[in-house]
Amino acid sequence: MSEQFDTAEKTHILQIKNAIESYTSDRMQRLDHRIQILVKMYGILTGGVTASVFWGEKPNDYDIYFKLDHARDEFQKLLLDEKIQADIADINPKYGVETLVNGKLVTSHAVTFKNGIQIVLMHTSEARETFDYVHTMPWYDFDTKKYYISRQQYDVINQKKLVKNPHPNSFGVTEKRMQKFIDRGWTVTI
């Protein structure tokens with residue numbers, strides 16, 4: 001926490017951090033201990049979870065990225081274990097997604113567990129710098145237990161404003177994703 005937050009904002013940010021820790025701790029305990037160790041040592045939580053917690057909404061999922069390629073590789077090896085596969089969400093056939101494990105929500109992009117934990121495979125944690133919207137960029141480091149949110153990120157979440165990430169390599173904004181946020185009360189800024 002920095003960037004000239006006032007006392008009330010710092011308190012609010014600490015509440016968000018504590019809620020994120022509580023929500024993820026409960027879910028992580030339901031995963032195989034080998035996954036827990038990898039995430040605690042090399043994982044970050046990022047994406048829409050901060051905005052959901054900020055507004056008292058239940059997060060759709062908890063996006064975890066590994067900081068290092070080797071941690072991601074070790075995680076992928078664990079996916080061969082049938083005990084771990086039992087914790088992975090079943091695929092919904094209506095989505096027509098190509099999976100790497102028959103019947104399970106394991107794609108080349110991510111693995112989604114029944115408890116809402118989603119581990120992203122296609123990128124490491126640096127990807128958050130290129131997310132489409134600024135409000136999705138705050139992050140929590142499981143190893144250091146530190147939570148990072150900038151002044152701009154806090155403000156756009158507080159105002160429910162959709163602000164495109166200015167990074168030159170940011171993910172493109174899709175109409176479908178934009179509409180998802182508009183339907184939830186967010187406004188588009190130019």
Side-chain angles (χ1 to χ4, degrees), residues 16-54 57-133 135-149 153 165 167 169-171 174 177 180:
I16 292 167
K17 175 187 182 260
N18 291 340
I20 287 171
E21 287 175 334
S22 176
Y23 294 152
T24 56
S25 174
D26 177 54
R27 282 163 179 74
M28 289 299 296
Q29 290 176 13
R30 295 185 239 158
L31 294 178
D32 183 276
H33 72 281
R34 296 167 291 176
I35 294 173
Q36 291 181 44
I37 291 168
L38 277 174
V39 169
K40 285 178 183 176
M41 290 177 66
Y42 303 109
I44 70 161
L45 178 75
T46 189
V49 69
T50 290
S52 295
V53 171
F54 189 104
E57 301 165 351
K58 181 181 180 285
N60 290 330
D61 53 38
Y62 299 83
D63 296 333
I64 295 174
Y65 289 72
F66 288 115
K67 294 183 269 188
L68 301 172
D69 286 327
H70 91 271
R72 185 179 60 192
D73 295 344
E74 287 301 311
F75 171 75
Q76 287 179 294
K77 290 177 190 173
L78 293 174
L79 296 177
L80 301 173
D81 187 316
E82 289 182 16
K83 180 180 179 263
I84 290 174
Q85 288 180 14
D87 292 332
I88 298 172
D90 295 328
I91 188 72
N92 184 336
K94 76 177 183 178
Y95 292 130
V97 175
E98 186 176 326
T99 61
L100 303 176
V101 176
N102 192 31
K104 295 294 184 176
L105 202 45
V106 177
T107 70
S108 60
H109 292 240
V111 175
T112 304
F113 290 91
K114 292 175 182 176
N115 64 9
I117 295 287
Q118 181 169 279
I119 298 186
V120 178
L121 301 175
M122 64 185 285
H123 300 290
T124 57
S125 60
E126 290 91 21
R128 61 162 287 287
E129 297 171 13
T130 60
F131 284 176
D132 54 358
Y133 291 113
H135 77 273
T136 64
M137 296 172 65
W139 58 289
Y140 174 81
D141 188 310
F142 287 99
D143 179 42
T144 63
K145 297 185 180 348
K146 289 185 179 179
Y147 177 68
Y148 300 88
I149 186 167
Q153 293 161 1
N165 179 0
H167 192 284
N169 297 324
S170 69
F171 298 166
T174 66
R177 188 157 154 83
K180 175 180 92 167

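Remark: Ile37 CD1 to Leu31 CG distance equals 12.0 Å, nearest 0.5 Å. Separating the CZ atom in Arg177 from the OG1 atom in Thr136 is a distance of 6.0 Å, to the nearest 0.5 Å. Atoms CD and CH2, on Gln153 and Trp139 in that order, are 11.0 Å from each other to the nearest 0.5 Å. Taken from NZ in Lys67 to OG1 in Thr124, the straight-line distance is 11.5 Å, to the nearest 0.5 Å. In this structure, the separation between CD1 on Ile84 and CD1 on Ile35 is 4.0 Å, given to the nearest 0.5 Å. Rounded to the nearest 0.5 Å, atoms CE (Met137) and NE2 (His167) are 8.0 Å apart.
Counting heavy atoms from C-beta on, the side chains of Gln118 and Asp63 come closer than 4.5 Å. By the 4.5 Å heavy-atom criterion applied to side chains, Ile149 and Ile16 are not counted as neighbours. Counting only heavy atoms from C-beta outward, the side chains of Ile117 and Met28 approach each other to under 4.5 Å. Side chains of Thr112 and Asp61 form no contact here, defined as non-hydrogen atoms less than 4.5 Å apart. Counting heavy atoms from C-beta outward, Arg27 and Tyr62 have side chains that approach closer than 4.5 Å. Two residues are said to be in side-chain contact when any heavy atoms from C-beta on lie closer than 4.5 Å; Thr46 and Phe131 meet this criterion. Between Ile119 and Val39, some side-chain heavy-atom pair lies under the 4.5 Å cut-off.
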Subject >> side-chain contact (heavy atoms from CB on, under 4.5 Å) evaluation trace for Asp141 with Tyr147 >> reply: CA-CA 6 Å; Asp141 188 310; Tyr147 177 68; over 6 Å; no

**OP:** Take Asp26 and Asn115 through the side-chain contact (heavy atoms from CB on, under 4.5 Å) test and state the conclusion after the steps.
**Re:** CA-CA 9 Å; Asp26 177 54; Asn115 64 9; over 6 Å; no

**OP:** Just do the side-chain contact (heavy atoms from CB on, under 4.5 Å) check on Phe142 and Ile64 with the steps written out, would you?
**Re:** CA-CA 10 Å; Phe142 287 99; Ile64 295 174; 4.1 Å; yes

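Partners of His70 under the ring-ring contact (aromatic ring centres under 6.0 Å, His included) rule, at least two apart in sequence or in another chain, are Tyr42.
For the pair Leu38 and Ala71, the tightest heavy-atom approach, listed with the atom from each and the gap, is CD1-O, 4.0 Å. The heavy-atom pair separating Ser108 from Leu121 by the smallest distance is O-CB, 3.8 Å. Scanning all heavy atoms of the two residues, the minimum distance from Pro59 to Val49 falls at CG-CG2, 3.9 Å. Of all non-hydrogen atoms in Arg72 and His123, the two that sit nearest each other are NH1-C, 3.4 Å.
Without hydrogens or angle criteria, Lys17 side chain to Tyr140 main chain gives no donor-acceptor distance under 3.5 Å. Remark: the backbone N or O of Ile44 is not paired with any side-chain donor or acceptor of Ser125 at under 3.5 angstrom. Between the side chain of Thr130 and the backbone N or O of Ala127 there is at least one donor-acceptor pair closer than 3.5 Å.
Within 6.0 Å of atom NZ in Lys146, 12 or fewer heavy atoms from other residues, nucleotides or ligands are found, so the atom counts as exposed in its surroundings. No more than 12 heavy atoms of other residues, nucleotides or ligands lie within 6.0 Å of NZ in Lys40, so this atom counts as exposed by the packing criterion.
One finds no salt bridge joining Asp87 and Arg30 here, because no Lys/Arg side-chain nitrogen approaches an Asp/Glu carboxylate oxygen to under 4.0 Å. By the 4.0 Å N-to-carboxylate-O rule, Lys104 lies close enough to Asp90 to be salt-bridged with it. Using a 4.0 Å cut-off between charged side-chain N and carboxylate O, Arg34 and Asp32 make a salt bridge.
Classification of the Phe75-Phe113 ring pair by plane angle, with boundaries at 30° and 60°, yields perpendicular.
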